[in-house]
Amino acid sequence: APPPPPPAPTPPIDVSGLGYLRFTGLGSAVARLDAKSEPTVGKLELYVHIVLDKWKPASNQAIFGSDKAIMQLVARKSGDFKLTLKVEGDSVKVKSKKHEFSDGMRKWLRVEYDGTTGHVSFYHSSSTQRDATDVLDWDKLGTSIISKPGILRSIRSVVLGKNKPGATGKFPMSGKIYGCRVGLGGAILIDSNFSEEEPDDWTLENVSYVDPSD
């Protein structure tokens with residue numbers, strides 16, 4: 001009989017001293033906005049401070065999502081990222097250039113969609129800054145892509161680790177998220193730094209918070 005396959009590698013131990021949300025491919029974190037976002041033609045900006053257990057996962061994994069999957073950012077097994085948005089009744093689907101991130105590497109990811117021009121841009125950074133606004137050294141993942149301009153549909157919640165809330169959410173993620181920020185039309189919908197504070201505004205479903213002080 002052939003020898004058994006080797007065991008899967010253990011994800012590297014986090015020694016950064018930062019707090020984070022731990023996702024194990026089972027659940028999600030959901031933040032319900034104080035008020036439903038207004039439909040806008042303005043710019044959508046997504047930021048996330050993240051480690052995926054596998055940057056090229058065996059199956060696609062959702063980093064960002066929203067109610068009704070209006071907004072989705074997925075890490076794909078092909079080694080790129082895919083942004084899906086619902087714009088004026090149509091689905092905008094845009095892929096980044098393929099990356100070469102090593103498993104266990106901690107990254108800042110940034111994605112922008114301009115509703116006026118339809119331009120989509122993907123960025124990454126290895127910055128150790130804890131807040132998205134302090135990260136200055138961004139590298140582009142490919143050139144900007146022109147998609148459909150238009151009005152992004154309003155959302156009521158932001159989701160991490162699945163493409164939408166609850167049992168019907170797809171593409172569960174395995175990894176760690178240290179913080180995230182979502183801006184839409186100049187307004188900040190979410191700005192959370194899990195590296196320094198517990199996620200009081202988030203509902204955790206089969207997701208744990210790891211406190212660096214424990």
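Not measured: the values here are computed from a predicted model.
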*If you measure from the Lys or Arg side-chain nitrogens to the Asp or Glu carboxylate oxygens, is any gap between Lys43 and Glu45 under 4.0 Å?*
no
_Salt bridge check, Arg156 against Asp67: does any charged N sit closer than 4.0 Å to a carboxylate O?_
no
*asked:* So, taking the atom named CG in Leu73 and the one named OG in Ser66, what distance separates them when rounded to the nearest 0.5 Å?
replied: 11.5 Å
*asked:* Tell me whether Asp103 is salt-bridged to Lys54, with the criterion being a basic N under 4.0 Å from an acidic carboxylate O.
replied: yes
*Is Arg153 paired with Asp90 through a side-chain N to carboxylate O contact shorter than 4.0 Å?*
no
_Distance alone, cut at 3.5 Å: any donor-acceptor contact between the side chains of Ser195 and Asn193?_
yes
*Consider only side-chain N and O atoms of His49 and Arg106, and report whether a donor and an acceptor are under 3.5 Å apart.*
yes
*Side chain of Trp55, backbone of Gly79: donor and acceptor closer than 3.5 Å?*
no
_Distance-only side-chain donor-acceptor flag, Thr24 / Ser174, under 3.5 Å_ = no
*asked:* In this structure, is the centre-to-centre distance between the rings of Tyr178 and Tyr20 below 6.0 Å?
replied: yes
*Would you call Lys95 and Asp80 a salt bridge, taking side-chain N to carboxylate O under 4.0 Å as the test?*
no
_Pairs flagged by ring-ring contact (aromatic ring centres under 6.0 Å, His included) wherever residues 182-208 is involved - sequence neighbours left out_ = Phe194-Trp202
*Is there a donor-acceptor pair closer than 3.5 Å between any side-chain N or O of Trp108 and the backbone N or O of Asp131?*
no
*Does Lys97 count as lying over the ring of Phe122, i.e. NZ or CZ under 6.0 Å from the six-ring centre, within 45 degrees of the axis?*
no
